[in-house]
Every structure is written in structure tokens, then in C-alpha cells.
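This is a predicted model, so every value here is computed, not measured. Values below: every heavy atom of this structure, side chains too, minus hydrogens, waters and symmetry copies.
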Amino acid sequence: MSRTPQDSLHAAVFVTPAGADWLASASASPRGVQALWAGAPTAPVTLPCGTAFDVISMDALFGRRVVGRLWTDGPGTGPVAAQGGRVMLFATPGTAQRLPALLGWEEWRAAAPPLLCYGRGDAVTVPPLFPPDPDPPATAPLEQDALEHSAQEPGAREPGTPESGVPEPSAVESGAVESSTPESSAAEPAVQQPGVPEPGGTRESTPAPSPRWLVAPDVRNPWLPGPEVLLWACVRAARTAGNDLVGTAVTSAPAVFPS
């Protein structure tokens, strides 16, 4: 049985078994999708659109405004995901075809960033059922911790040097004691500053955030917004953006504002 988001007081973050059944129903082989999730519940899956749902992908900032309008002044949303710096709203099948046509008649369409609409014949990658566990923090071995701790203690001495501070004769005869002349110090390699790349080197790129659910499906037949509901939310979000920018275009085309 379908229910509206306002029937619940919170939005699910993890996909429930009933929500997983709904997602798998979009595939031509639901059992295959369920088997994949049973072995790897933290793996994203690519599912076709047009049967169980359509997906409307929006710019992150504009998408947050649309979702906010739907939850504060509208009926709420269906499942919502975040991926690749964009917000993905799951909508009723057919929305991907009708929404761009309806939005094209609105005078505020130029203030809205371009929408990516995925319907019949398209496929999208949905986030995993559960977010992957973060990498455990790297810890040094106990022996390394003991050596570093002893090196920082007052009165610590290097091997081959007695407590008096005078090198042992055996160490001098074998040449184990290094010279402190300028020539020897000049030959030492330069110390690499932490966070500064070496000459000719490149900084390690920060990995992109993994896809995640903002509102995860938690029932077998979740309520989904249609094209008219999304049109209402997009127009109001575009008006908010237009009032904030006061004439600044948010797309390649100049924004049109009524007088």
C-alpha cells in the first residue's frame, strides 16, 4: 500500500527489505538484483527507469531547494539520493517525458538549472542499501610507538653512546660515529614538509563522495511525486533563486524576470 511522506515523522536513511523489493522490481530480473545485494549490500546497482519509477536529476543547490519546498509546503518526496554533486528525485513513471514540456511553458524556466530526466529506455545507478563503512584509522605498531616514545624522553641516548655522553672507543674505531662537519650535514637529504608536494609531483586527488540516500525507500510501494507536483516545486525554487540572485543568470542563458 502506498503512503505519503507526511504519514511518517522521519525520513529513512537505510533501505528496508520492503524498499529493496521495490527497487528490485524495476529490473527485469528482481531475483538477480536481490542475490547481488545479498552478497554485497554496500554495492551500488544500475536499474532501468520507466517501469517502477523515473528519476529527475538536479543541481545540488537547486535540488535542495526543490526538496525543501516539497517537504515544507508540499506533500513531501519519494526516495531521494545524492550522487556526483547532484540530487536525484524518484518520480512516477512518465514524469521524465512530461516535466520538461510543462516547465517549458513557465516564465521562470530560465532561472532553473537544466534538469536531467531519466525515463523509459534509460538507466540510473542507485546507491547501495547500506553506506560502506569508513576506513579504519591507521595505527602504528606497538614497537614503533615504544621507539618514538623513548626518543622523546629526556636523557634518551643513541646506541653506542654511554650515559656520560662520550662515544665508546669501539664506536670511534669502527667509524660508527658520524662527523658533524658542514660537509656531512650538507649531504643529508632535504626533509619533505608534510602536505607539500615534491618538485614535479602532483597532489593526491580527493576521492569523490560515494552515492548515498537522503530519503531511502522503506515501503513496498512508496509514494512518488508526479510531473505536476515537481513542476510546482521547481517553479517556486526558481523564484527563490531569482529573488536571491537579483538578475544574475544561473545558466548560460540570461534569466528572464517579470517586471
Side-chain angles (χ1 to χ4, degrees), residues 1-5 8 10-60 62-64 66-67 70-71 75-101 103 113-133 207-231 233-234:
M1 177 180 179
S2 176
R3 63 170 182 171
T4 63
S8 60
H10 67 281
V13 179
F14 304 107
V15 180
T16 63
D21 292 339
W22 173 72
L23 289 173
S25 67
S27 174
S29 178
R31 292 185 178 180
V33 176
Q34 293 284 12
L36 177 60
W37 275 329
T42 59
V45 175
T46 301
L47 297 175
C49 301
T51 55
F53 53 78
D54 281 1
V55 172
I56 309 300
S57 177
M58 306 178 181
D59 172 78
F62 185 74
R64 289 202 305 268
V66 171
V67 172
L70 288 171
W71 278 101
T77 66
V80 182
Q83 179 173 328
R86 301 185 67 86
V87 174
M88 302 166 53
L89 281 81
F90 287 69
T92 57
T95 301
Q97 182 179 2
R98 293 189 58 192
L99 180 60
L103 192 60
L115 306 181
L116 301 180
C117 302
Y118 301 93
R120 184 174 295 275
D122 301 323
V124 295
T125 300
V126 300
L129 303 183
F130 304 98
D133 295 332
S210 58
R212 67 189 188 280
W213 289 105
L214 302 180
V215 181
D218 58 349
V219 294
R220 183 61 178 81
N221 294 308
W223 180 85
L224 299 176
E228 293 80 7
V229 173
L230 291 181
L231 174 67
C234 287

Test side-chain contact (heavy atoms from CB on, under 4.5 Å) applied to Thr46 - qualifying residues, sequence neighbours left out
Ala123, Thr125
Please report the interatomic distance CD(Gln83) to OG(Ser57), rounded to the nearest 0.5 Å.
8.5 Å
What pair of heavy atoms forms the shortest contact from Ala60 to Gly85, and how long is it?
CB-O, 3.3 Å
Return the OH to CZ distance between Tyr118 and Phe53, rounded to the nearest 0.5 Å.
13.0 Å
Does Val124 form a side-chain contact (heavy atoms from CB on, under 4.5 Å) with Val126? I'd like the steps, not just the answer.
CA-CA 6 Å; Val124 295; Val126 300; 4.3 Å; yes
Stepwise side-chain contact (heavy atoms from CB on, under 4.5 Å) check, Leu230 with Leu70
CA-CA 8 Å; Leu230 291 181; Leu70 288 171; 4.0 Å; yes
Measuring from atom CE of Met88 to atom CD1 of Ile56, what distance do you get when rounded to the nearest 0.5 angstrom?
10.0 Å
At their closest point, which heavy atom of Trp37 faces which heavy atom of Ala20, and how far apart are they?
CZ3-O, 3.6 Å
Point-to-point distance, once rounded to the nearest 0.5 Å, from CG of Leu36 to OG of Ser29
10.5 Å
With a 4.5 Å heavy-atom cut-off, do Leu47 and Leu23 have their side chains touching?
yes
Minimum heavy-atom separation for Ala52 and Ala26, please, with both atom names.
CB-CB, 3.9 Å
Rounded to the nearest 0.5 Å, how far apart are CG of Asp122 and CG of Asp54?
8.5 Å
Whether Trp22 side chain and Asp218 backbone form a donor-acceptor pair below 3.5 Å:
no
Nearest heavy-atom neighbours spanning Pro79 and Trp213:
CB-CZ3, 3.9 Å
Minimal heavy-atom distance between Val66 and Met58, with the atoms involved, is CG2-SD, 3.8 Å
Smallest heavy-atom separation, Cys234 atom then Phe62 atom, equals O-CZ, 3.6 Å
Distance-only donor-acceptor pairs under 3.5 Å for side chains of residues 89-100, two or more places apart:
unit_1, atom_1, unit_2, atom_2, d
Thr92, OG1, Thr95, OG1, 2.9
Thr95, OG1, Thr92, O, 2.8
Arg98, NH1, Glu228, OE2, 3.3
Arg98, NH2, Glu228, OE2, 3.0

